[in-house]
There are 2 protein chains.
Amino acid sequence: MTEQQRRPTVMDVAQAAGVSRALVSIVMRGAPGAAESTRQKVLEAARELGYRPDSRARLLRSSRTRLLGLSFFSAHAFHAEIVDAAYAAATSRGYELALSAVAKGRPETRAIESLLDFGSAALILISPTLSAEELAGYAGQVPVVSLLRDDVGEPVDSVSSDDHAGIRMAVDHLTGIGHRRIVHIDGGTAVSAELRRAAFRAEMDRLGLPARIIPGGPTEEDGLRALRSLRADLPSAVIAFNDRCALGVVEGLRADGLKVPDDVSVLGYDDSQFARLSYLQLSSVSQDAPLLAAAAVDRAIDRIEGTQAPAHVVSTPHLVVRKTSAPLRDDLRESVRLAP
Amino acid sequence: MTEQQRRPTVMDVAQAAGVSRALVSIVMRGAPGAAESTRQKVLEAARELGYRPDSRARLLRSSRTRLLGLSFFSAHAFHAEIVDAAYAAATSRGYELALSAVAKGRPETRAIESLLDFGSAALILISPTLSAEELAGYAGQVPVVSLLRDDVGEPVDSVSSDDHAGIRMAVDHLTGIGHRRIVHIDGGTAVSAELRRAAFRAEMDRLGLPARIIPGGPTEEDGLRALRSLRADLPSAVIAFNDRCALGVVEGLRADGLKVPDDVSVLGYDDSQFARLSYLQLSSVSQDAPLLAAAAVDRAIDRIEGTQAPAHVVSTPHLVVRKTSAPLRDDLRESVRLAP
DNA sequence: CTCGGCGTCTAGATCGTTCTAGTAACACCA
DNA sequence: TGGTGTTACTAGAACGATCTAGACGCCGAG
């Protein structure tokens, strides 16, 4: 058995440096009110003892806690990228991050309450599934920022990506390189599927093109299945609900002996790690996770520090063109001109 | 501006129920020493006020903290599955989990120290990259359990998967269905790459077969690259370092017009979400994340509660056969017999 | 009638910090 | 000389829980 030694406290440092506890506290958090000479003395003593302030005590006592609570879904790989970026944004503004995952058998309310129990000064929730009323309840306790979802009611901040703009970019890109017969494989009942569906319809209408929409979903299987119902009358380009769905479409096309993008162009959405797979090189609409995360962190901190009212910020996505989209082949172009 | 209301404390509940703070504490943590009638009264008052004990205060005061610190890599999708399972295991034993990610610009020491500052009673580190000495330093403060890595020194617990057994299963599976010319695309400098390399060599030796090993790595690109150097003399089966590497191999083979598993069988390792992709259906060695996570949580709690010495537990992986491995084709079998 | 034991309950100390209020020393200026 | 600042520091109260030690009422045994 190894003996577990007690960790040094502010008291130990104070004794070692020959000052009061309060002064150690002042030095440790870089507050004004200590002479440079004693500051050095205290810092030295702290370093010597390997002292680190105890978050529990600090969080308990101080009103200004500098702790952001972040909830994410352990099953969504995409959320990990946001976590990553949120850490960077938070630490650069001098804040700590408390993580809590929504997992199997661990509902969102549990994750949120855990964050609150740890004394988070604000909550950042990635694509929360709670109702606006439930969210408002938490917003009564601390500022709440919803990330990737914007219909969250008045008292809750939101940072989201402009789905309509994203779809417009996709459509403009494809029509710009000659495509006319474009299909959208939608996300079914997934979050923001309805928005993207409507945007696709509106954009195709605007251009006077037929808006063909096929029921899909967020997984590879959904993409594969949708493709099957498309085989009889293949379009020249597909905009999938997301990257995984697009992946299914690409694989399905290849299995049928068709070439992407020579025969059919395919666009994804999210610009996730799947899109970057070297053999795939999927063209995709990027929501720019780091940017969104930074924006959410900023909103949260501004709400904590200032007395601003909640706001809904919308960021504009951008298109990342890789190798699954290419100009319409000339022979296909002819056949399309003949179509009704 | 919405007014942030103060959250109720043990004092509020005590007043509402007409008892002392201490009694509320006793009731809330289910300790003995309260009459059933008052217990109900307190519980009722707590429910009414929406009271939840404050983790910071609880953790600060009590010696027995019931909090496990878990560090994971935000970039490793595989770790998310472990987080998921760890939550389940921890809550089933009445423990809370504190998460801390190793991310870009956030080294492992920072993640660990954050967990310690929050008062974790034990640490579970997923595939830690620190040296045995550094780990021992932390183990002097709280019990430390290393997950997926076992060369961590004496004072640190470890829970890992038997890599040799995993490779043996892969080799036995392939040889059992007729394969003789098997190649291992290794993991380069990645964690446990050396172990798997040695295991492959030993197992092939045992069977009197040539152990051909190609430098690879943990990503799709590594798999693709390795495949390129293989084209001149294609084996009938490949054991890749992990699933992502295997994915690159499969895609590369398909791009060359070869069929998997008809022309070449491919085995992955990890049984990650990639392996389960519907169009891939990769045969893979599963380390069984939920099981490992549960074992790590159990070790940690046993160390906290009992006074057991650190131990190294090794779990046996199992093979999940899907659609990328099939019996050796007869025509290939002949040509192999002729080979030296 | 006292005593010990048991079950129930409470006052007050405590965890390691931060915060508030205040002291002491010293300089500045009228 | 005495008021007014300013700077450097400190004592002690908080924060919200748990824990320790002990009080109180009640019962049955001596």
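Just so you know, these numbers come straight off a predicted model, no measurement behind them. Residue numbers start from 1 in every chain, and the chains themselves are labelled A, B, ... in the order their sequence lines are given, proteins ahead of strands. All values below come from the heavy atoms of this structure, side chains included, with hydrogens, waters and symmetry mates left out.
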Looking only at heavy atoms, what is the nearest atom pair of [X] and [Y], with distance?
X	Y	result
A:Met28	A:Pro53	CE-CD, 4.3 Å
A:Asp157	A:Pro310	OD1-CA, 3.4 Å
B:Leu125	B:Leu135	CD1-CD2, 3.6 Å

Rounded distance in Å - [atom1] ([X]) to [atom2] ([N]):
X	N	atom1	atom2	value
A:Leu59	C:dC15	CG	C1'	15 Å
B:Phe118	C:dT17	CZ	P	14 Å
B:Leu23	D:dA23	CG	P	18 Å
A:Met11	D:dT10	CE	C1'	12 Å
B:Arg52	D:dA17	CZ	P	12 Å
A:Arg21	D:dC15	CZ	C1'	14 Å
A:Ile26	D:dA11	CD1	C1'	13 Å
B:Asp54	D:dA14	CG	C1'	14 Å

**Q.** First encountered from the 5' end of DNA chain C, between A:Met28 and B:Arg39
**A.** B:Arg39
Can you tell which of [options] lies closest to the side chain of [X]?
X	options	result
A:Leu60	C:dC9, D:dG16, D:dT18	D:dG16
A:Arg61	D:dA17, C:dT17, D:dC9	C:dT17
B:Ser20	C:dT10, C:dA13, C:dT17	C:dT10

State whether [X] places a side-chain N or O below 4.0 Å from either non-bridging phosphate oxygen (OP1 or OP2) of [N].
X	N	result
A:Ser62	C:dT17	no
B:Thr38	C:dC9	yes
B:Arg29	D:dC19	yes
B:Arg58	D:dT18	yes
A:Thr9	C:dG16	no

Q.
Can you see whether A:Glu44 engages A:Gln40 through a side-chain donor-acceptor pair at a distance of less than 3.5 angstrom?
A. no
Q) Between B:Asp84 and A:Ser74, is any side-chain donor less than 3.5 angstrom from a side-chain acceptor? A) yes
Q: Between B:Ala22 and B:Ala57, just flag the one whose closest nucleotide in DNA chain D comes earlier from the 5' side.
A: B:Ala57
Q: Name the nucleic acid region contacted by B:Val24, choosing base, sugar-phosphate or nothing; use a 4.0 angstrom heavy-atom cut-off, strictly under.
A: nothing
Q.
Please classify the nucleic acid contact of A:Ser25 as base, sugar-phosphate, or nothing, using heavy-atom distances under 4.0 Å.
A. base
